[in-house]
Amino acid sequence: MAESMSGMKRSHRCTEVSSANIGENVTVMGWVQKSRNKGGIIFVDLRDRSGILQIIFEESDCGQESFAKAEKLRSEFVIAVEGRVEARSGGVNENLATGAIEVRAKYLRILSESATPPFPIEENSKTKEELRLKYRYLDLRRPDIQRNLMTRSRVATLTRAFLAEEGFLEIETPTLIKSTPEGARDYLVPSRVHPGSFYALPQSPQLFKQLLMCSGYDRYFQLARCYRDEDLRADRQPEFTQIDLEMSFVDVDDVLDVNERLLKKLFKEVCNVDIALPIQRMTWQEAMDRFGSDKPDLRFGMELKNVSDVVKNCGFGVFTSALAAGGSVRGINAEGQGHMPRKKIDALVEYAKGFGAKGLAYASIGEDGSVKSSFAKFMTEEEMAALVSAMDGKPGDLLLFAADKNKVVYDVLGNLRLELARQLDLLKKDDFKFLWVTEFPLLEYSEEEGRFVAMHHPFTMPMEEDLQYIDSDPGRVRAKAYDIVLNGVEMGGGSVRIHQADIQSKMFEVLGFTQERANDQFGFLLEAFKYGVPPHAGLAYGMDRMVMLMVGADSIRDVIAFPKVKDASCLMTEAPSAVDEKQLKELGIEIAPQED
Ligand code: ASP
């Protein structure tokens, strides 16, 4: 039996009712969280997105008809209640915002009944995520997810207000665009009108925002949905949202300045975190040398040390051969971990191998200063002492070393550092450490493709002083590119763009594009650059990640209303799905038989 609500009007959300309303009549509507019949008196916890309010039904107040309905209430029934606010009779419930009051019902309507939900609607659900995502509309009723989405909405609202105040225009760019794959794989949409032709869904609004600068819009932003068809790693979504912006007549400092003020406002108003400005800056090279990562987590130390010079003449072949091959030997000092049992160290070695290490050399320093080491027999006492001293090793410390190509050494020690921090519980969720990483390399050599690829994207401006190396030593050229990192997570990134057609053509050449292919894919941009381009620069945040960090969620799925799972499917709607033969025919598409 579902009744209409005609003649009733909600006066308050559940937790908008407070002690200030005692003695007043209110009308509240929402879902039954739970209902307890204590014989002649029925207690109902009523829930809406604001929280929970206790309602009391007694036949003498609400009459026989409403009481009979109240007896039928089950979890997730939707009801409307009119009643009087009273001080709570059974003592104050400190756990509830409305714990000091209750509503004595005078009148009840059941607006909708509910089948028994497949899992309880409660905070910190223990239900398996697959089941929750299949019934996402029920999962979204849970208070923790509701809070996350409210935070997300607040981030959007504050961002819009701040950027508008700073003179940014919100402009939408198309989501059916030309495919220009460079970076991730595009999602393609077949065209019915042009059989055999495809649109792509944008990986970002990059080219359009640059064109908007060409058109004089000067400061643009958009909360933009972006799509990347990647083999999904643990915490990626095929579609995600960027806070995307672009500015004209600016250089690196101008972009960083406006963005750190935006971050300061967001983090203050949303999570009461004070960011001291300016945010610390570090070049990419320094980040790699000190933390083995281009997104260092600054909540703890354990920095990398380059000991190549110290060990270059030692007797340990693993060290010297890595150096001879042009690599390096670096280490980290896990302070106070000298007592770590062999089994745990072996597990760390295995962990390091997962990042390409052939092994891991270690030395534990006893409380008496004696050194126990996996490679002691290859070193003289003096050599070992010099190494320990270079690592600031003190009694009780554990030193871990990697010797390999620089890339491997960084990767191994950077990850080992994080793994140790996790094991030692050094990563506090309420500690927010922001960092700008700047001067990224412009290019990165891809073994897979046998050519240089853009580290950020092909429109990123090289640093002027490095332009001279672009032909002779492309790997050496640094870019005017920057990332904003929070607690080891890349929250956003951007760059100053190339606005000179000749440098842009050069860039395409270095990336191995023929003139023809550059024209075919990006001709409209190169053409636009012929008609007066302002110098411009921009940045985009991963909004999902940002909100995830703000609310301390473990997964970005917890801050997206209807997320997809690892294989890019939606468990609720079962997308993607097969389509009608007729639809395919209209598109001129035939499905090739699948090989296993
Ligand atoms: N479009 C870039 C990205 O998605 C961000 C930017 O350079 O503004 O990473």
Side-chain angles (χ1 to χ4, degrees), residues 159 163 168-175 177-187 200-214 217-230 236-248 250-260 262-263 284 294-295 436-444 453-463 478-486 489-499 504 507 511 521-522 525 533-546 556:
T159 300
L163 291 176
F168 285 78
L169 301 172
E170 182 168 3
I171 302 176
E172 287 155 284
T173 53
T175 54
I177 67 169
K178 184 180 168 71
S179 177
T180 53
E182 174 67 8
R185 211 176 279 121
D186 279 340
Y187 274 101
L201 301 179
Q203 298 190 27
S204 86
Q206 187 61 35
L207 295 174
F208 291 98
K209 68 174 174 174
Q210 290 194 238
L211 291 169
L212 286 170
M213 296 304 107
C214 292
Y217 289 89
D218 185 302
R219 288 185 166 208
Y220 137 99
F221 86 98
Q222 182 179 196
L223 305 189
R225 191 64 64 84
C226 304
Y227 304 83
R228 294 182 191 174
D229 186 3
E230 292 174 301
R236 294 252 179 153
Q237 286 285 313
E239 54 179 311
F240 58 96
T241 306
Q242 287 189 339
I243 299 173
D244 186 45
L245 55 91
E246 194 75 11
M247 308 162 74
S248 290
V250 293
D251 209 336
V252 176
D253 286 347
D254 306 289
V255 180
L256 270 44
D257 168 69
V258 102
N259 278 287
E260 49 190 42
L262 168 63
L263 289 171
W284 178 88
D294 59 3
K295 41 179 192 295
W436 287 112
V437 177
T438 62
E439 299 182 17
F440 274 74
L442 182 69
L443 303 155
E444 176 177 42
V453 294
M455 188 115 162
H456 187 49
H457 50 55
F459 317 103
T460 297
M461 182 70 184
M463 286 177 63
R478 291 164 302 163
K480 289 193 167 188
Y482 33 77
D483 274 358
I484 180 75
V485 174
L486 169 57
V489 179
E490 177 203 329
M491 204 164 52
S495 58
V496 174
R497 323 300 184 188
I498 298 169
H499 77 281
Q504 188 64 68
M507 184 71 177
L511 293 173
Q521 287 195 6
F522 304 109
L525 184 79
V533 203
H536 57 289
L539 175 144
Y541 298 94
M543 184 170 163
D544 313 287
R545 278 194 206 168
M546 182 192 283
I556 58 172

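Numbers here are sequence positions counted from 1. Order of appearance sets the numbers: ligands from 1, and atoms from 1 within every ligand.
- Counting only distance, with no hydrogens or angles, the side chain of R185 and the backbone of D229 share a donor-acceptor pair below 3.5 Å.
- Residue contact check: G494 has heavy atoms under 4.0 Å from atoms 6 (C), 7 (O) of ligand 1.
- At a 3.5 angstrom cut-off on N or O pairs, Q203 does not count as close to ligand 1.
- Residue contacts with ligand 1, taken as heavy atom pairs separated by less than 4.0 Å, involve K209 solely via side-chain atoms from C-beta onward.
- Under a 4.0 Å N-O distance rule, the pair R225/E239 qualifies as a salt bridge.
- Rounding to the nearest 0.5 Å gives a distance of 11.0 Å between CZ of R497 and OG of S248.
- A donor-acceptor contact closer than 3.5 angstrom links the side chains of Q222 and T173.
- In this structure, the protein non-hydrogen atom closest to atom 9 (O) of ligand 1 is H456 CE1, 3.8 Å.
- Protein heavy atom nearest atom 5 (C) of ligand 1, with residue, atom name and distance: G493 O, 3.5 Å.
- Side-chain atoms of E172 do not come within 3.5 Å of backbone N or O of A224 as any donor-acceptor pair.
- The closest approach between R228 and ligand 1 falls below 4.0 Å for a heavy atom of the residue.
- When each atom of ligand 1 is checked for a heavy atom of S204 under 4.0 Å away, the hits are 1 (N), 4 (O).
- Rounding to the nearest 0.5 Å places CE of M491 at 10.5 Å from CG of D483.
- The contact set between ligand 1 and R497, taken as ligand atoms under 4.0 Å from a residue heavy atom, comprises 6 (C), 7 (O), 8 (O).
- At the shortest separation from atom 1 (N) of ligand 1 among protein heavy atoms lies Q206 OE1, 2.7 Å.
- Residue contacts with ligand 1, taken as heavy atom pairs separated by less than 4.0 Å, do not involve E490 at all.
- M463 CE to E439 CD: the interatomic distance, rounded to the nearest 0.5 Å, is 4.0 Å.
- Looking only at heavy atoms of the protein, atom 4 (O) of ligand 1 is closest to Q242 NE2, 2.9 Å.
- Considering only residues two or more places apart in sequence or on other chains, D257 meets the side-chain contact (heavy atoms from CB on, under 4.5 Å) condition with R261.
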